[in-house]
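Inspection log for the structure reproduced underneath, given as structure tokens.
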Amino acid sequence: MANPIGNLQKVGSAKLEMYFFDIYYSELYSANGKYQPGQYPLALQIRYLRDIEAIDLIEKTAEEWQKLGFSRDKTAPWLVQLDTLWPDIKKHDVLTLVVNNGGSSEFYFNDKSIGKVEDTEFGAHFLDIWLDENASYPKLRKKLIGEK
């Protein structure tokens with residue numbers, strides 16, 4: 001299996017906990033180990049710490065995009081595509097998104113490619129769920145982008 005982040009350097013990492021539950025451990029990677037908005041390649045790797053059904057991930061993605069103010073007209077086709085790509089998650093599974101220099105995006109499940117999204121706006125919008133200044137989890141964002 002190819003390592004989707006093999007040529008990248010870690011920017012930061014953070015664990016998402018809700019109430020008394022560990023949800024996932026995430027890591028952000030870039031070419032030089034620093035985060036600069038709009039600079040690619042970037043990779044977000046999430047190691048899940050509990051079982052989660054794909055439909056729940058898709059619904060949460062839609063909810064986060066709505067909170068960030070992205071139009072449903074724009075995100076609806078992406079959600080359909082994610083529904084065809086994402087499997088149900090078991091504890092310790094790893095889902096990785098790599099956004100390449102040209103803006104195309106590729107998802108990996110346990111280091112195996114599960115599909116690409118060619119729309120060059122998708123990757124930035126997906127990463128915004130974690131990296132936007134208005135993201136739902138500001139402490140997680142700061143840790144991911146390497147701020148203290």
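Transitive grouping of hydrophobic side chains (ILVMFWY, heavy atoms separated by less than 4.5 Å) brings Leu68 and Leu82 into a common cluster. Cluster membership for Trp86 and Val80, using ILVMFWY side-chain heavy atoms within less than 4.5 angstrom, is not shared. Under a hydrophobic-cluster definition in which Ile, Leu, Val, Met, Phe, Trp and Tyr are linked whenever side-chain heavy atoms come within less than 4.5 Å, directly or via other members, Trp78 and Ile55 are assigned to different clusters. Transitive grouping of hydrophobic side chains (ILVMFWY, heavy atoms separated by less than 4.5 Å) keeps Leu8 and Phe109 in distinct clusters. By the criterion of side-chain heavy atoms lying less than 4.5 angstrom apart, applied directly or through intervening Ile, Leu, Val, Met, Phe, Trp or Tyr residues, Leu49 is not grouped with Ile129; the two fall into different hydrophobic clusters.
To the nearest 0.5 angstrom, Glu106 atom CD is 9.5 Å from Ile114 atom CD1. The NE2 atom of His125 sits 10.0 Å away from the CG atom of Asp132 when rounded to the nearest 0.5 Å. Put simply, OG1 on Thr61 and CG on Asp56 are 10.5 Å apart, with the number rounded to the nearest 0.5 Å. Note: Leu79 CG to Leu57 CG = 11.5 Å, rounded to the nearest 0.5 Å. Atoms CG and CG, from Leu16 and Leu140 in turn, are 6.0 Å apart once rounded to the nearest 0.5 Å. For the atom pair Glu27 CD and Leu144 CG, the distance stands at 9.0 Å (nearest 0.5 Å).
Applying the 6.0 Å contact sphere to CG of Asn101 captures more than 12 heavy atoms from other residues, nucleotides or ligands. Counting non-hydrogen atoms of other residues, nucleotides and ligands closer than 6.0 Å to NZ of Lys142 gives a total of 12 or fewer. Taking a 6.0 Å sphere around CD of Glu133, one finds it holds 12 or fewer heavy atoms contributed by other residues, nucleotides or ligands. Around the NZ atom of Lys67, the shell of radius 6.0 Å holds more than 12 heavy atoms that belong to other residues, nucleotides or ligands.
Between the side chain of Arg141 and the backbone N or O of Trp130 there is no donor-acceptor pair closer than 3.5 Å. Side-chain atoms of Asp22 never come within 3.5 Å of backbone atoms of Glu17 as a donor-acceptor pair (strictly under, hydrogens ignored).
Among all heavy-atom pairs drawn from Gly123 and Ser105, the shortest one is CA-OG, 3.3 Å. In this structure, Ser136 and Glu64 approach most closely via the heavy-atom pair OG-OE1, 2.6 Å. Of all heavy-atom pairs spanning Met18 and Tyr137, the tightest one is CE-OH, 3.6 Å. Smallest separation of non-hydrogen atoms from Ala135 and Asp128: CB-O, 4.1 Å.
Contact annotation: the side chain of Val99 never approaches that of Phe126 to less than 4.5 Å [non-hydrogen atoms, C-beta and beyond]. Contact check for Asp93 versus Ile52: no side-chain heavy atoms found under the 4.5 Å cut-off. Between Tyr29 and Thr96, every side-chain heavy-atom pair lies at or beyond the 4.5 Å cut-off. Two residues are said to be in side-chain contact when any heavy atoms from C-beta on lie closer than 4.5 Å; Leu131 and Leu44 fail this criterion.
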Q: Could you give me the CA-CA distance, side-chain angles and deciding distance for Tyr24 and Ile89, then say whether side-chain contact (heavy atoms from CB on, under 4.5 Å) is met?
A: CA-CA 11 Å; Tyr24 59 72; Ile89 301 291; over 6 Å; no

Q: Before giving the answer on side-chain contact (heavy atoms from CB on, under 4.5 Å), spell out for Leu127 and Tyr35 the whole-Å C-alpha distance, their side-chain angles and the decisive distance to 0.1 Å.
A: CA-CA 12 Å; Leu127 291 172; Tyr35 172 66; over 6 Å; no

Q) How far apart are the C-alpha atoms of Thr75 and Glu121, what are their side-chain angles, what is the distance that settles it, and do they pass the side-chain contact (heavy atoms from CB on, under 4.5 Å) test? A) CA-CA 10 Å; Thr75 62; Glu121 291 183 47; over 6 Å; no

Q: Report the C-alpha distance between Asp88 and Asp51 in whole Å, list the side-chain angles of each, state the deciding distance to 0.1 Å, and finish with yes or no for side-chain contact (heavy atoms from CB on, under 4.5 Å).
A: CA-CA 8 Å; Asp88 291 335; Asp51 295 355; over 6 Å; no

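By the side-chain hydrogen bond (donor to acceptor under 3.5 Å, both in side chains) test, Gln66 pairs with Arg72, sequence neighbours left out. By the side-chain hydrogen bond (donor to acceptor under 3.5 Å, both in side chains) test, Thr120 is found to be paired with no residue, residues two or more places apart in sequence or in another chain being considered.
Between Lys116 and Glu118 there is no salt bridge, since none of the side-chain N atoms of the basic residue sits less than 4.0 Å from a carboxylate O of the acidic one.
Inspection of the Ser13 and Tyr25 side chains reveals an N or O donor paired with an N or O acceptor under 3.5 Å.
The aromatic rings of Phe107 and Phe122 sit perpendicular to each other, their planes meeting at more than 60°, with 30° as the lower class boundary.
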